[in-house]
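Only one structure is covered here, and it is reproduced in the block below.
Sequence positions, counted from 1, serve as the residue numbers for this chain. In each ligand, atom 1 is the first atom listed, and ligand 1 is the first ligand listed. Note that the structure is a prediction, hence the values are computed from the model and not measured.
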Amino acid sequence: MPTLYEMVKEAVMSSGGTATNKEIIQYALTHYEHDNKQSMIDTINSASVNSLGRINYFFNQREVVEPREKYDFLFKLGRASVTLYNPAIHGIWGIKSVNGSFKVYRVDLQRTVGSSLVLYNLYSREDLLRIFGESEMTPTWRQSGIISVKTSEGDTLFFVTLGSQGIGEEWVDESGILRWHPQKHQKRSDPQIQRFKESNNRGDLIYLFIRVEGDKKYYYAGTLKYLSTVTNTDDRIFFNWQISPWPPNQTFSSNIVKKVPTDVKLEVLTQTSFEEEERTEKIVKGLSPDDVANRLRSLSPNPDEYIVINGKRLKRDLVAISLIKQNRGFKCQICGVSIKKENGGLYIEGAHIKAKSLGGKEEPKNILVLCPNHHKEFDYGSRVVLELNENLIRFNLNGNEYTVSLKIVV
Ligand SMILES: [Zn+2]
C-alpha cells in the first residue's frame, strides 16, 4: 500500500500531470479503496508549494529554501486542481519563519528583490513591477498607495507622497517615525487597517517607497514597523510607523526628513514656559470653588485673549487649563494620582481630546486632567473614542475602556 503522498502523486501523473481534486479522490478510491476524502484534500494542500495554508501541517513548519522531493511536488492551478510542480516554470517556492510563525513565499523572487532594491535609490512604479515579478500593470498598480505582493502573503508595497508645502498631515520626523493616514473612507474596522496593526506579529514585510509631491520616482527607504494609531473623534485614523533601518543617508535626510515641532507631533498643548504655567496656577488657586466654576461656565471662546485675574494679565489658554485642573481637584482622571511638588503644590497635566493643532479648544469638554504617564499613553497609545459629548468621554486606550466626566464640578 503506497503512502497518501505516493497515491496523490500517482493519481496526478496518471491524468497526464494535471488533475482536479475530484479526480485524485476518485483514483484513490478505485485503485486502493481509500475512501477518506478529507485526508486526500489535506495531502493535496500540504504538498502544494503555493498553498498558503500548507504551513498548518507539521512537516511544513520549518524553513524550506529548496523543494523537498517528498513534500513539495504539486502546484495549485485554481481552487480545486493541481499540476506537478516544476520550479523552472513555477519558480522556487519555500517556507520562511518570521517572528515564530511560518509563511509561504517565492524564494527566487525574494533573492531578486533583495539584490535589486538598494536603500535610498530611486524607483518608478514600472521598475518595481518588474522587480516584484508582477506580470501586468493592473489598475491597482497604477493608482493605489498600497499594493499586496502576490508571491508572499501579507507583504506590501507602501507608496507615500508627502506634500511639498510645510509639514502637512503626513511626515517623516528626525527619529524615523512616519506619520501616515489612510484614505478617508478607511476606518479602523477596515481589514487592511487591522492587518497593518498586526503586521509586526505576522512578520509581514512592508516596503516603504516615498517621494515628495512633484517627484517622479520614489526612494526605497527600507521597511515599516507598526508603532501605534490614534483615532480622532471624527473616526479618522493616524498611524505612527517606525522606518527601519534608521538613520538614513544624507540625500534622503535632506529631501524627506522634516523637523516636526513637538506640539504638532504630540498634538497637545503648545508647551508654554513652565514658569508662566505655574504663575497662572498660583493665581487661579486663590479663587473660590464657586468662582472657578463660574469662570469655566463663562470662558471666552477667543483663544488669543488675555484674562485679568486679581490685576494680573494671563493667557486665556493657561487660565482655562488651570481652572479645569482646579475644578477637578488636581488628580489624574484615569488613576487618581497627583504629584506633590517641593513648594507644597500639586502637579498634573491637561491633555487635549481634540488636538490643538486640529482646532481643539481649552474648554472643559475638550480637556482631560491626567498624570504624566496617562498623558503620554493617551497621546501615543492606541486610542479609540467610543463616545464624546459635553458631559463625558468614553474611550478605549490600549485595550482598557475608560469613562471620564467632562462636566464642570459644582
Ligand atoms: Zn494617571
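Judged by the 6.0 Å distance and 45° axis criteria, R125 is positioned over the aromatic ring of F159. Under a cutoff of 6.0 Å and an axis angle of 45°, K9 and F73 form a cation-pi pair. A cation-pi geometry, defined here as NZ or CZ lying under 6.0 Å from the six-membered ring centre and within 45° of its normal, does not hold between R179 and F239.
Using the six-membered ring where Trp is involved, F132 and Y207 have ring planes that are perpendicular, over 60° apart on the 30 and 60° scheme. Taking the six-membered ring where tryptophan is involved, the planes of F196 and W180 are perpendicular, since the angle between them exceeds 60° and thus also 30°. Aromatic ring pairs are classed by plane angle as parallel below 30°, tilted from 30° to 60° and perpendicular above 60°; the pair Y123 and F209 is perpendicular.
Only protein N, O or S atoms were considered, and those under 2.8 Å from the Zn ion (ligand 1) are C332 SG, C335 SG, C371 SG, H374 ND1.
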